[in-house]
2 protein chains.
Amino acid sequence: MRPNKRDELVRKALQVFYRDGFHATGMDKLVVETGVSKTSMYKHFRTKEDLILAALRLRDESFRNWLLRRIEEVADTPAEQLIASFDALREWFEEDGFRGCMFIKAGAEYQDADHPIHVQAAEHKRLLLEHFTRLARDAGVDDPAKLASQIVLLQEGAIVSAVLLKNTSPAKDAKEAAQQLLKIAQG
Amino acid sequence: MRPNKRDELVRKALQVFYRDGFHATGMDKLVVETGVSKTSMYKHFRTKEDLILAALRLRDESFRNWLLRRIEEVADTPAEQLIASFDALREWFEEDGFRGCMFIKAGAEYQDADHPIHVQAAEHKRLLLEHFTRLARDAGVDDPAKLASQIVLLQEGAIVSAVLLKNTSPAKDAKEAAQQLLKIAQG
DNA sequence: TCCTATATGTACCGATCTGTACATATATAA
DNA sequence: TTATATATGTACAGATCGGTACATATAGGA
């Protein structure tokens with residue numbers, strides 16, 4: 001029961017869940033794809049739900065890490081960073097295997113508001129909103145909560161539209177909208 | 001095989017799919033909830049996929065009907081109607097049993113871009129974007145396609161956020177953002 | 001009344017679902 | 001070597017999945 005073995009299972013499961021969905025991915029498929037035995041799988045994770053939650057935790061951590069780091073790489077001031085988020089999103093949209101936001105999908109498959117998976121998906125969104133609210137505050141705008149909320153709305157919309165409309169122009173339109181909203185908020 | 005019987009089945013199936021999701025809803029459950037026999041169900045719909053597609057068609061029609069009609073009820077000019085869409089969304093969010101956008105969820109559960117269900121979900125979004133583009137053009141803005149795209153992004157974002165953040169303030173923030181974007185687009 | 005066509009109810013198919021029992025392999029310690 | 005603990009592979013349980021076979025009920029026309 002090496003700890004890194006468990007991490008490896010979570011990483012692989014995350015890939016499959018992201019690609020194929022949660023209900024559509026059975027434990028048998030995961031056992032085959034990871035090459036581990038079913039017994040070992042259930043030694044590491046008591047239930048499928050536990051495995052999903054572990055995968056979502058990893059995704060939350062790595063996605064926010066990537067996004068926030070990428071934003072800081074390309075922009076210096078808080079105001080610029082708010083806008084740079086849309087460039088990062090665009091990069092993400094253009095990646096091979098882009099399939100939209102894992103947490104929107106998790107919330108869609110587990111709709112009950114107090115289901116642990118739904119709760120965790122909501123928490124991811126809350127953390128992102130919190131971060132952008134901080135950026136907006138540091139940018140010195142009038143109503144940081146409102147601007148951050150609007151920026152996040154544009155981001156979510158861009159993600160959903162990128163999936164369903166199958167192009168990346170939503171990222172461009174969203175970025176321009178965010179720039180205008182920021183300018184107004186800066187007075 | 002009365003035609004209205006079929007419609008009734010679609011209506012009921014739509015409710016259950018919307019409430020519980022697609023993969024999570026089995027034909028057995030639908031048979032119980034509709035009170036019809038399994039044989040009859042499969043007389044009307046060759047496969048579960050056919051039933052889902054029929055349900056999505058009904059949803060597309062009734063949702064767009066409701067939204068566009070509601071918008072016209074409360075606003076006269078195209079510009080006002082663009083903004084009024086957010087008031088309509090807010091009403092929707094406050095309904096009992098609101099569970100987000102059926103087509104975002106369909107796209108999330110059937111991710112393959114050429115899967116018929118995914119295609120139909122994308123078509124719904126395309127039709128809405130088309131309508132708002134028409135409104136933006138009639139409002140006489142510079143770049144109707146861009147403004148419509150941005151309005152739709154805010155709408156999608158508001159829907160997703162309303163689901164995951166569990167409050168209706170996204171509708172308010174989105175509306176204000178749309179008003180500012182409209183004002184800018186009107187020059 | 002009898003014949004035929006259609007609608008229905010029920011039992012079932014093979015596949016797959018999550019999860020477990022159990023026997024075996026492997027490693028460590030005495 | 002032998003005893004013990006842990007990791008693994010496999011087979012399977014019980015439920016449910018989408019879908020069908022088939023027998024029965026019901027209707028309308030001759």
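Order of the sequence lines fixes the chain letters, A, B, ..., with proteins taken first and strands second; residue numbering starts at 1 for each chain. No hydrogens, no waters, no symmetry mates; every other heavy atom, side chains included, goes into these values.
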Original post:
Between A:Ser85 and A:Gln155, do the side chains contain an N or O donor and an N or O acceptor separated by less than 3.5 Å?
Top reply: yes
Original post:
Quick one, which residues of residues 12-26 of chain B touch DNA chain D with a heavy atom under 4.0 Å?
Top reply: B:Thr25, B:Gly26
Original post:
Between the main-chain N or O of A:Ala75 and the side-chain N or O of A:Gln81, is there a donor-acceptor pair closer than 3.5 Å?
Top reply: yes
Original post:
Quick one: is B:Ser37 getting a side-chain N or O under 4.0 Å of the C:dT8 phosphate, OP1 or OP2?
Top reply: no
Subject >> Rounded interatomic separation in angstrom, taking CZ from A:Arg6 and C1' from D:dA7 >> reply: 17 Å
Subject >> A:Val160 backbone acceptor or donor facing B:Glu156 side chain under 3.5 Å >> reply: no
Subject >> Separation between CD of B:Glu95 and CD of B:Glu91, rounded to the nearest 0.5 Å >> reply: 8.0 Å
Subject >> Length of the CE-P vector between B:Met41 and D:dG18, whole Å >> reply: 11 Å
Original post:
OP1 or OP2 of C:dA7 less than 4.0 angstrom from a side-chain nitrogen or oxygen of B:Ser40, does that happen here?
Top reply: no
**OP:** For A:Phe45 and C:dT18, give me the distance from atom CZ to atom P, rounded to whole Å.
**Re:** 15 Å
Subject >> Side-chain (A:His118) to main-chain (A:Ala113) donor-acceptor, under 3.5 angstrom >> reply: no
Original post:
Should A:Glu94 and A:Arg90 be marked as a salt bridge (charged side-chain N to carboxylate O under 4.0 Å, His left out) after you check the CA-CA gap, both sets of side-chain angles, and the distance that decides it?
Top reply: CA-CA 6 Å; A:Glu94 287 167 355; A:Arg90 181 177 209 160; 3.8 Å; yes
Show me the protein contacts with nucleotides 19-25 of chain D, counting only N or O atoms at under 3.5 Å.
{"unit_1": "D:dG19", "atom_1": "OP2", "unit_2": "B:Tyr42", "atom_2": "OH", "d": "3.4"}
{"unit_1": "D:dG19", "atom_1": "OP2", "unit_2": "B:Lys48", "atom_2": "N", "d": "2.8"}
{"unit_1": "D:dG19", "atom_1": "N7", "unit_2": "B:Lys38", "atom_2": "NZ", "d": "3.0"}
{"unit_1": "D:dG19", "atom_1": "O6", "unit_2": "B:Lys38", "atom_2": "NZ", "d": "2.4"}
{"unit_1": "D:dA21", "atom_1": "N6", "unit_2": "B:Thr39", "atom_2": "OG1", "d": "3.3"}

**OP:** Let me know the distance between CG of A:Leu30 and P of C:dG19, rounded to the nearest Å.
**Re:** 12 Å
Original post:
Roughly how many Å is it from NZ in A:Lys43 to P in C:dG19, rounded to a whole number?
Top reply: 15 Å
**OP:** Check whether A:Phe103 and A:Val119 end up in the same hydrophobic cluster, where Ile, Leu, Val, Met, Phe, Trp and Tyr are linked by side-chain heavy atoms less than 4.5 Å apart.
**Re:** no
List the atom pairs, with distances to 0.1 Å, where a side-chain N or O of residues 145-154 of chain B and a protein N or O form a donor-acceptor pair under 3.5 Å, not counting sequence neighbours.
{"unit_1": "B:Lys146", "atom_1": "NZ", "unit_2": "A:Glu176", "atom_2": "OE1", "d": "2.7"}
{"unit_1": "B:Ser149", "atom_1": "OG", "unit_2": "A:Asp173", "atom_2": "OD2", "d": "2.7"}
{"unit_1": "B:Gln150", "atom_1": "NE2", "unit_2": "A:Asp173", "atom_2": "O", "d": "2.9"}

